[in-house]
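Following: one structure in structure tokens, then a few remarks.
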Amino acid sequence: MKSIVRDMSLAPEGRLKIDWVKEHMPVLNRIREEFELTQPFKGLKVAICLHLEAKTAYLAKVVKAGGADVYIAGSNPLSTQDDVCAALVEDGITVFAKHKPDPDEFKQHLIMALEIEPDLIIDDGGDFTTLLHSERPDLIKNIRGGCEETTTGVIRDKALEKSGDLPFPMIAVNDGYCKHLFDNRYGTGQSVWDSINRTTNLVVAGKTVVVVGYGWCGRGVAMRAKGLGAKVIVTEVDSIKAIEAYMDGFEVMPLVEAAKAGDYFIAVTGNQYVIRREHLEVMKDGAILANAGHFDVEVNKHDLDALSTSRREVRKNIEEYVMEDGRKLYLLAEGRLVNLGAGDGHPAEIMDMTFALQAVSLAYVNEKYKEIGNRMITVPYELDKQVANLKLEALGIGIDSLTDEQKVYLESWKID
Ligand SMILES: NC(=O)c1ccc[n+]([C@@H]2O[C@H](COP(=O)([O-])OP(=O)(O)OC[C@H]3O[C@@H](n4cnc5c(N)ncnc54)[C@H](O)[C@@H]3O)[C@@H](O)[C@H]2O)c1
């Protein structure tokens, strides 16, 4: 099948971006060398749905180096980078993606990536699995299994598993230690602020930042806001996470109270309509709203439309909503995940671990799919350890190991 990209003349720029991240992804480079020798995907078709920027492009190349024919679609209409897509096509990967396609075109690209009838999939947010289940079960037959990248997709796949509808084994890569501990926390923490700062060109120090949701991503976003000099308020629905945020030094209160104080609001819950009418009604003039959760449902855009008298783009990726009382609220990246819609996503060194885990998990599911059955499993611990060991090696950091006596002690109930 022929690739669908915006403009092949952009390939040289895309190639520079991919080469840059490759230099900073030593773990994935090691896995690539191993795959070149062992060819775990020889003769197989792999369909990938991920944010189509440089780090993802390099993962696609590593899977190809493992012997696969690779087909890729974007997982968000704003995060696809046209130059990267063009470079990938030159590298022999079939791409179905454009930056800012219309919603029908976006969905069509996902369908095209599945119409090649893949043997394996890499999914993000459950886009492939839900599409296969609800609209195209005819394309399931060859699929041995796959890997899921993010929290929201794990929730959706587990719901499919619970109802007995998960059609093949999936590995919850998000739940691997080398994924969520670093990607969701340090990756989102840094890249959210990188994208907000480059998009707004405004100061954070001294301002009040409201972080909605204190999960893995929220912890990172709040930590980095504090580092930038902001006063940070956390809102939660989970009492344990709320205490954690409080003991981490943040103010905790209901969002309807925090709404009056915030200069920046960052929703990162994986839930829908967390910022809605009652909050928008009391926000300060000039408040900036962003979402870092997977789908563009965390800020209720219907409420923003209903409460405003006008909407216009005032700067790239900033929409100004003028409220009936004259207040102006600013929404970044159309309420889509801000760090990819208005930035380049997580740093390369973080995605090195995430995508190394993706690569080894994909090889694992290909090897063990018959044993696993139609279930969603967590990343086997030995794969997490493999990636962690390679990362430490790349960082030049040594650690201690247990003595034989200590091993015995740790497995015993006796105290001498
Ligand atoms: N932007 C990125 O690059 C990126 C990276 C990783 C994950 N994600 C996405 O971010 C979202 C969050 O992921 P996570 O790993 O932090 O999940 P998580 O489950 O660790 O945390 C979510 C938190 O939100 C809280 N929450 C839910 N509804 C809420 C509400 N109405 N008000 C306040 N708090 C609420 C939950 O109690 C929980 O503590 C998911 O959609 C995930 O797919 C985005």
Side-chain angles (χ1 to χ4, degrees), residues 49-53 55-56 75-76 78-79 123-127 148-158 172-196 210-224 233-246 248 250 252-259 262 265-276 278-279 290-300 332-333 335-348 350-351 353-355 357-358:
C49 163
L50 283 172
H51 297 290
L52 227 173
E53 47 70 59
K55 282 94 65 185
T56 298
S75 63
N76 183 298
L78 282 193
S79 62
D123 202 3
D124 192 10
D127 276 355
E148 168 55 51
E149 167 77 1
T150 197
T151 315
T152 288
V154 170
I155 290 171
R156 294 171 104 192
D157 284 350
K158 282 191 175 158
V173 171
N174 180 74
D175 295 355
Y177 293 104
C178 284
K179 204 284 187 175
H180 66 270
L181 283 182
F182 309 106
D183 173 313
N184 298 30
R185 184 165 41 169
Y186 297 103
T188 312
Q190 179 166 332
S191 61
V192 158
W193 286 107
D194 165 43
S195 60
I196 292 178
V210 179
V211 179
V212 186
Y214 202 65
W216 289 108
C217 296
R219 290 179 182 107
V221 173
M223 172 172 60
R224 293 298 176 239
I233 300 174
V234 168
T235 74
E236 251 297 343
V237 290
D238 180 316
S239 46
I240 298 170
K241 303 270 179 58
I243 297 170
E244 187 186 357
Y246 170 77
D248 283 345
F250 302 117
V252 178
M253 63 181 77
L255 183 54
V256 75
E257 277 174 41
F265 292 84
I266 297 143
V268 64
T269 66
N271 203 347
Q272 70 167 352
Y273 304 155
V274 291
I275 298 181
R276 53 185 182 268
E278 70 227 59
H279 311 118
N291 166 46
H294 188 75
F295 286 118
D296 60 335
V297 293
E298 305 220 6
V299 178
N300 189 331
L332 307 189
R336 298 185 188 280
L337 74 183
V338 68
N339 55 331
L340 281 140
D344 288 318
H346 297 352
I350 295 278
M351 294 316 288
M353 278 191 285
T354 297
F355 285 162
L357 208 55
Q358 277 285 5

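The figures here come from the full heavy-atom set of this structure, side chains too, leaving out hydrogens, waters and symmetry mates. In listed order, ligands and their atoms are each counted from 1. Source: prediction; values computed, not measured.
- For atom 6 (C) of ligand 1, the closest non-hydrogen atom of the protein is Cys217 SG, 3.5 Å.
- Within the 4.5 Å cutoff, the side chain of Thr269 has heavy atoms near those of the Glu298 side chain.
- In terms of the side-chain contact (heavy atoms from CB on, under 4.5 Å) criterion, residue partners of Phe295 (sequence neighbours excluded) are, by chain and number, Asp127, Thr152, Arg156, Val297.
- Atoms of ligand 1 lying under 4.0 Å from any heavy atom of Asp238, numbered from 1 in the order shown and given with element: 37 (O).
- A donor-acceptor pair shorter than 3.5 Å can be found between the side chains of Asn174 and Asn184.
- In this structure, atom 17 (O) of ligand 1 lies nearest to the protein heavy atom Thr151 CG2, 3.5 Å.
- Atom 22 (C) of ligand 1 has its nearest heavy-atom neighbour, among Leu340, Thr269, Ile155, Val154, in Thr269.
- Under the 4.5 Å side-chain criterion, counting only non-hydrogen atoms from C-beta, Tyr186 is not in contact with Leu181.
- In terms of protein heavy atoms, atom 28 (N) of ligand 1 is closest to Asn271 ND2, 3.1 Å.
- In this structure a side-chain-to-backbone donor-acceptor pair under 3.5 Å is missing from His51 to Ser75.
- Side-chain contact check for Val274 versus Thr235: every heavy-atom pair is 4.5 Å or farther apart.
- Looking at heavy atoms from C-beta onward, Glu149 lies out of side-chain contact with Asp123 at the 4.5 angstrom threshold.
- At a heavy-atom distance under 4.0 Å, no atom of His180 approaches ligand 1.
- Within the 4.5 Å cutoff, the side chain of Leu340 has no heavy atoms near those of the Asn76 side chain.
- Looking only at side-chain heavy atoms (C-beta outward), Ile350 and Lys55 stay at 4.5 Å or farther from each other.
- Remark: ligand 1 and Glu298 share no N or O pair separated by less than 3.5 Å (distance only, no angle test).
- Closest to atom 25 (C) of ligand 1, if we only count protein heavy atoms, is Glu236 OE2, 3.3 Å.
- Under the salt bridge (charged side-chain N to carboxylate O under 4.0 Å, His left out) criterion, Glu278 pairs with Arg276, not counting sequence neighbours.
- For ligand 1, the atoms closer than 4.0 angstrom to any heavy atom of Val237 are 26 (N), 27 (C), 28 (N), 29 (C), 30 (C), 31 (N), 32 (N), 33 (C), 34 (N), 35 (C), 37 (O).
- Remark: minimum distance from atom 18 (P) of ligand 1 to any protein heavy atom is reached at Gly215 CA, 3.9 Å.
- Close approach of ligand 1 to Thr150 is summarised as follows: ligand atoms under 4.0 Å from at least one heavy atom of the residue are 6 (C), 7 (C), 8 (N), 9 (C), 42 (C), 43 (O).
- Against a heavy-atom cut-off of under 4.0 Å, Lys241 is close to the following atoms of ligand 1: 38 (C), 39 (O).
- Of the heavy atoms in Asn339, only side-chain atoms (C-beta onward) come closer than 4.0 Å to ligand 1.
- A donor-acceptor pair is defined here as one N or O able to donate and one able to accept, closer than 3.5 Å; such a pair exists between the side chain of Glu53 and the backbone of Thr56.
- Here is the list of ligand 1 atoms found below 4.0 Å of a heavy atom in Leu337: 1 (N), 2 (C).
- Looking from atom 31 (N) of ligand 1 to the surrounding protein, the closest heavy atom is Val274 CG1, 3.2 Å.
- At the top of the distance list for atom 10 (O) of ligand 1, counting protein heavy atoms only, stands Gly293 CA, 3.5 Å.
- In Thr152, the parts holding a heavy atom less than 4.0 Å from any atom of ligand 1 are both the side chain and the backbone.
- When only non-hydrogen protein atoms are considered, atom 44 (C) of ligand 1 lies nearest to Ala292 O, 3.2 Å.
- Atoms of ligand 1 found under 4.0 Å from any heavy atom of Trp216 (numbered from 1 in listed order, with element): 15 (O), 16 (O), 20 (O).
- Under the 4.0 angstrom criterion for non-hydrogen atoms, His346 is in contact with ligand 1.
- Proximity of Glu244 to Val234: side-chain heavy atoms (C-beta onward) are nowhere separated by under 4.5 Å.
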